[in-house]
Protein chains: 2
Amino acid sequence: MSTEIKKFTERQEEIANFANALAHPVRVAILDLLASKACCYHGDMADELPIANSTLSQHLKVLKDAGLIQGEITPPKTKYCIHRDNYKKAGEIFSFFFENALETTFSEEGVILCS
Amino acid sequence: MSTEIKKFTERQEEIANFANALAHPVRVAILDLLASKACCYHGDMADELPIANSTLSQHLKVLKDAGLIQGEITPPKTKYCIHRDNYKKAGEIFSFFFENALETTFSEEGVILCS
DNA sequence: CAAATTATTCGCAAATATACGAACAGTTTT
DNA sequence: AAAACTGTTCGTATATTTGCGAATAATTTG
């Protein structure tokens, strides 16, 4: 049965996915660290974040699955960095999402505006 | 005891909060509806979305709590619309967040880049 | 005032997320 | 090879999210 009913658009799912990756402050903090240092080892981050090592691994996995970061094992350490292409893509999707809505809502003609 | 230890910055919490509101495709879809029609009644949205009425109310509450939308009871219906100011603010925060990271990571000088 | 309409809240069930320590795996160092 | 170091995975506990139907509330219509 190829009768898979699509409930939402690709785009909506994509936005939700990226947003979900950013939906926990520690993950935002992780991205801040990666952004500020361009690269970071698991251990370095563990020192700066108020969570256990294993918890950090989980959050890193979430970010990796969302495509926002990539990890590289360089024994004995693991180096993480921002996945540039996807990061850029995420930024574009969000900026488009917000811009678009405001344009419509703020449109001069025709459109009914809220009180 | 006013010894509340701040684990994350205001900004990080704020980003996570907005992101959390967008972290479910149905909520993205709701915002799409509100954006395209500038305004929408609960019932109109319920007709277009593949979820129960009560579930819709919950999602609307999440969006309202995040500040992205506002509701106005106009009996017998409830009218929802995008909260322009906060929406704009969210858009700015995100665009800043992504821009900033990429600038740093892509910086020409000094900064160590990932493989 | 009764009935209909609309949307929220409640109560519950199931799934997912978050967090931690312990156990494990892979390298490197001794 | 043993010990040390680094990070992931596992097992578990707890909290939150998601979803629905039933019950409720608030207003309008008959």
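Naming: A, B, ... by sequence-line order, numbering from 1 per chain. Bear in mind that the values here come from a model prediction, so they are computed numbers and not experimental data.
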Peer 1: Considering just the side-chain nitrogens and oxygens of B/Thr55, establish if one lies under 4.0 Å of OP1 or OP2 belonging to D/dG19.
Peer 2: no

Peer 1: Checking all strands, does A/Ile51 fall into the base, sugar-phosphate, or nothing category for heavy-atom contacts under 4.0 angstrom?
Peer 2: sugar-phosphate

Peer 1: Side chains of B/His42 and B/Asn53: donor-acceptor distance under 3.5 Å anywhere?
Peer 2: yes

Peer 1: Figure out the CE/C1' separation between A/Met45 and D/dT6, and round it to whole Å.
Peer 2: 13 Å

Peer 1: Verify, without hydrogens or angle tests, whether B/Arg27 (side chain) and B/Leu22 (backbone) share a donor-acceptor contact under 3.5 angstrom.
Peer 2: no

Peer 1: Whole angstroms only, please: what is the CG-P distance between B/Asp44 and C/dA7?
Peer 2: 8 Å

Peer 1: From the options D/dT18, C/dC20, C/dT6, select the nucleotide whose nearest atom is closest to the side chain of A/Ala52.
Peer 2: C/dC20

Peer 1: Both A/Lys61 and A/Pro76 contact DNA chain D. Taking the nearest nucleotide for each, which residue is further toward the 5' end?
Peer 2: A/Pro76

Peer 1: Looking only at side-chain atoms of B/Ser57, point me to the closest of C/dA19, D/dT8, C/dA7.
Peer 2: C/dA7

Peer 1: Between C/dA17 atom P and A/Arg27 atom CZ, what is the distance in whole Å?
Peer 2: 9 Å

Peer 1: Between B/Phe8 (CZ) and C/dT18 (C1'), how many Å, whole number?
Peer 2: 11 Å

Peer 1: Rounded to whole angstroms, how far apart are CG on A/Leu60 and P on D/dT9?
Peer 2: 11 Å

Peer 1: Between A/Pro50 and A/Asn20, name the one whose nearest nucleotide on DNA chain C is closer to the 5' end.
Peer 2: A/Asn20

Peer 1: What is the separation between atom CG on B/Asp65 and atom C1' on C/dT8, rounded to the nearest whole Å?
Peer 2: 14 Å

Peer 1: Expressed in angstrom and rounded to an integer, what is the separation of A/Tyr41 atom OH from D/dG7 atom C1'?
Peer 2: 14 Å

Peer 1: Say whether, by atom type as modelled, one donor and one acceptor occur between the side chain of A/Asn17 and the main chain of A/Ala66 under 3.5 angstrom.
Peer 2: no

Peer 1: Donor-acceptor pair, A/Glu13 side chain versus A/Glu10 backbone, under 3.5 Å?
Peer 2: no

Peer 1: Under 4.0 Å, heavy atoms only, any strand: does A/Ser54 hit a base, just the sugar-phosphate, or nothing?
Peer 2: base

Peer 1: Output the rounded distance in Å from CD (A/Gln58) to P (C/dA22).
Peer 2: 16 Å

Peer 1: If only side-chain N and O atoms of B/Tyr80 are considered, is one of them under 4.0 Å from the OP1 or OP2 phosphate oxygen of C/dT6?
Peer 2: no

Peer 1: At less than 4.0 Å, is any side-chain N or O atom of B/His59 found next to OP1 or OP2 of D/dG19? Yes or no.
Peer 2: yes

Peer 1: Are any of B/His24's side-chain N or O atoms less than 4.0 Å away from OP1 or OP2 of D/dT17?
Peer 2: no

Peer 1: With a 4.5 Å heavy-atom cut-off, do A/Phe94 and A/Phe18 have their side chains touching?
Peer 2: yes

Peer 1: Counting heavy atoms from C-beta on, name the nucleotide in C/dT18, C/dT6, D/dG7 closest to the side chain of A/Lys77.
Peer 2: D/dG7

